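One structure is given here, and the rest of the page talks about it.
When reading the values below, keep in mind they use all heavy atoms of this one structure, side chains included, and skip hydrogens, waters and symmetry mates. We count ligands from 1, going down the list as the structure has it; atoms in each ligand are counted the same way. Please read all numbers here as calculations on a predicted model, not as lab measurements.
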Amino acid sequence: MKKFVKVLSSPNMKAAAQRNMDVLPQYQYQSVVIDEYLKTAMKGKKYFIRTYGCQGNLRDSEVIAGILEKIGYVLTDDVMSADIILLNTCCVRENAEKKVFGEIGSLKSLKQKNPDLIIGVCGCMVQQEHIVSTILSKYQQVDLLFGTHNIHQLPMLIQEVLTSNQRICNVLSNQGDIQEDLPSCRASSFKAWVNIMYGCNKFCTYCIVPYTRGKERSRRSIDILNEIKELKALGYKEVTLLGQNVNAYGKDIEDLTFPELLEQIALIGIERIRFTTSHPWDFSDELIDVIAKYDNIMNHIQLPVQAGDNEILRLMGRRYSREQYLTLVEKIKTKIPTASITTDIIVGFPNESEEAFNNTLSLCEIVKYDSAFTFIYSPRVGTPAAKMKDNVLMETKKQRFNKLTAVIAKYELEKYKTFENKVVKVLVEGPSKKNSEILSGYTEDMKLVNFKGDISKVGQIVNVKITKAKTFTLEGEEVDQ
Ligand code: SAH
Ligand code: SF4
Ligand code: F3S
């Protein structure tokens with residue numbers, strides 16, 4: 001029998017695109033309040049979360065887990081035995097959405113077997129009108145939809161599902177407040193994600209993120225620094241500072257700039273500091289200097305270029321030219337000779353000619369990236385690029401994609417080879433995915449190493465001598481010095 005839908009609010013991408021620069025972020029410090037009824041009803045029930053997309057979503061899932069555990073749920077990694085299943089979704093490309101619809105479809109049989117099971121879909125996908133209406137009309141098994149701006153309302157929403165016996169939709173499309181003091185269950189006990197800002201104001205023409213995540217808004221530096229001090233006291237070895245454009249940190253409030261914040265974090269003395277993503281447009285000289293100055297700021301710089309052709313960069317709304325990007329890379333390499341530079345590239349953007357694509361290839365030949373994420377352009381409903389004629393044949397896009405990945409792989413292997421016979425520092429993550437007798441972890445400049453070592457060292461930084469370089473990994477063995 002079909003249940004009614006109770007819509008508390010639904011997304012509106014036009015509203016999501018508004019940016020009122022006079023409105024400062026509102027900081028909320030009250031922790032979530034949980035009704036006694038809900039605590040009693042859910043005590044000991046099991047939760048399962050599947051996360052798609054970027055580190056921002058991984059961090060949100062840690063907060064969702066924290067809230068669920070505060071209600072009384074316990075974690076299960078067996079989806080079949082869960083009492084609540086949440087899919088924290090991504091819509092940055094069509095493939096990501098397809099995977100989620102496949103997963104929602106496969107959960108139908110679980111819901112039929114157990115009508116008390118709660119299935120919720122949250123994250124970026126549900127910030128889009130057309131996705132919400134598809135889920136509500138075609139996927140009756142979904143009980144709850146909530147967005148990226150109202151994770152803190154989860155206890156109230158679960159309670160609504162239980163007491164109203166209706167399907168609940170509550171997706172806000174405002175510019176977004178900042179919720180501090182939410183509980184969270186971190187996935188790791190030695191490396192942590194730390195949001196320093198939310199949202200994005202860049203509106204690159206192909207990208208859905210500014211619509212799904214709201215206005216660019218910075219956390220107060222005091223809150224960030226306190227969080228990192230606590231992590232250090234708990235024994236964490238590594239923090240990764242998160243934002244869609246970390247170098248825009250502090251531009252919306254009276255507080256530190258990103259280089260100043262980074263310096264304060266370095267002084268806390270946590271062993272490894274990473275940050276992602278930095279937009280080339282506001283990557284300042286001060287930032288390069290701070291990275292160069294502190295040993296505990298890792299010299300891995302993710303610097304998305306997207307394209308190497310000026311006309312395509314203009315159509316993408318990226319706000320820099322090929323020449324400006326190359327000048328920035330040169331500056332970074334001069335001041336930080338050991339810098340590892342990685343990137344994101346989109347091929348097959350509307351109007352990408354063979355010449356334009358060759359410009360992207362030649363830029364890669366000049367920069368010689370340590371590695372790159374490469375994507376075929378995927379039109380996103382509601383973005384300006386989706387209105388441009390998608391006039392590059394899929395066949396051509398695939399050929400270009402293959403050519404590009406070959407060039408990236410060539411320089412990646414070349415760079416990885418320079419590590420052979422050298423000793424590197426690796427933060428040990430655990431047994432490798434492919435072989436449980438081999439450990440894996442990342443070097444300071446973010447290279448994955450599989451090595452023979454001592455399992456008791458998980459969570460510690462060890463020395464590994466590299467014996468062999470492959471295209472995407474290094475192999476080695478633990479050594480004393
Ligand atoms: N804020 C980050 C990127 C977040 S999205 C930045 O600006 O660097 C991660 C990557 O997905 C982007 O860098 C881009 O390469 C890719 N991407 C985003 N939208 C896309 C689309 N519509 N089609 C294909 N790739 C896309
Ligand atoms: Fe998307 Fe551009 Fe913002 Fe990155 S900077 S999230 S690519 S709009
Ligand atoms: Fe995806 Fe949203 Fe992150 S669209 S990449 S999960 S910000």
Tell me, please: is Gln244 in heavy-atom contact with ligand 3, that is, under 4.0 Å?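 True for this residue.
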
Gly56 near ligand 3 by a heavy-atom separation under 4.0 Å: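 It does not; every heavy atom stays at 4.0 Å or beyond.
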
Among all protein non-hydrogen atoms, which one is nearest to [atom], and what is the separation to 0.1 Å?
atom                    : answer
atom 3 (Fe) of ligand 2 : Cys200 SG, 2.3 Å
atom 1 (Fe) of ligand 2 : Cys207 SG, 2.3 Å
atom 7 (S) of ligand 2  : Tyr206 OH, 3.4 Å
atom 5 (S) of ligand 1  : Val92 CG2, 3.9 Å
atom 13 (O) of ligand 1 : Asp344 OD2, 2.6 Å
atom 6 (S) of ligand 2  : Gln244 OE1, 3.5 Å
atom 8 (O) of ligand 1  : Pro304 CG, 2.8 Å
atom 8 (S) of ligand 2  : Cys204 N, 3.3 Å
atom 22 (N) of ligand 1 : Ser378 O, 2.8 Å

Does at least one non-hydrogen atom of Val209 fall below 4.0 angstrom from an atom of ligand 1?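 No.
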
No-hydrogen, no-angle side-chain donor-acceptor test under 3.5 Å, [X] and [Y]:
X      : Y      : value
Asp390 : Tyr377 : no
Gln127 : Arg213 : no
Arg380 : Thr212 : no
Glu69  : Tyr47  : yes

Does an N or O anywhere in Tyr206 fall below 3.5 Å from an N or O of ligand 1?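 It does: an N or O of Tyr206 is found under 3.5 Å from an N or O of ligand 1.
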
For [atom], which of the options [options] provides the nearest non-hydrogen atom?
atom                    : options                        : value
atom 4 (C) of ligand 1  : Glu94, Met316, Gln244, Lys202  : Gln244
atom 24 (C) of ligand 1 : Val246, Ile376, Thr276, Thr374 : Ile376
atom 17 (N) of ligand 1 : Arg213, Gln55, Arg93, Gln306   : Arg93

Interfacing atoms of ligand 1 (cut-off 4.0 Å, heavy-atom, [X]):
X      : answer
Arg380 : 22 (N)
Arg318 : 7 (O)
Ile346 : 14 (C), 15 (O), 17 (N), 25 (N), 26 (C)

Tell me which part of [X] gets within contact of ligand 2: side chain, backbone, both or neither, using heavy atoms under 4.0 Å.
X      : answer
Phe203 : backbone
Thr277 : neither
Pro304 : neither

Check whether any N, O or S atom of Cys54 sits under 2.8 Å from atom 3 (Fe) of ligand 3.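 Yes, since at least one N, O or S atom of Cys54 sits under 2.8 Å from atom 3 (Fe) of ligand 3.
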
Under 4.0 Å, counting heavy atoms only: does Arg318 come that close to any atom of ligand 2?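 A heavy atom of Arg318 does come that close to ligand 2.
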
Both conditions, 6.0 Å and 45 degrees, for the charged tip of Arg319 above the ring of Trp281: are they met here?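 That pair qualifies as a cation-pi contact.
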
Aromatic centroids of Phe203 and Tyr211 separated by under 6.0 Å: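 Yes; Phe203 has its ring centre under 6.0 Å from that of Tyr211.
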
Atom 2 (Fe) of ligand 3 to nearest N/O/S of Cys124 less than 2.8 Å: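 True for Cys124.
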
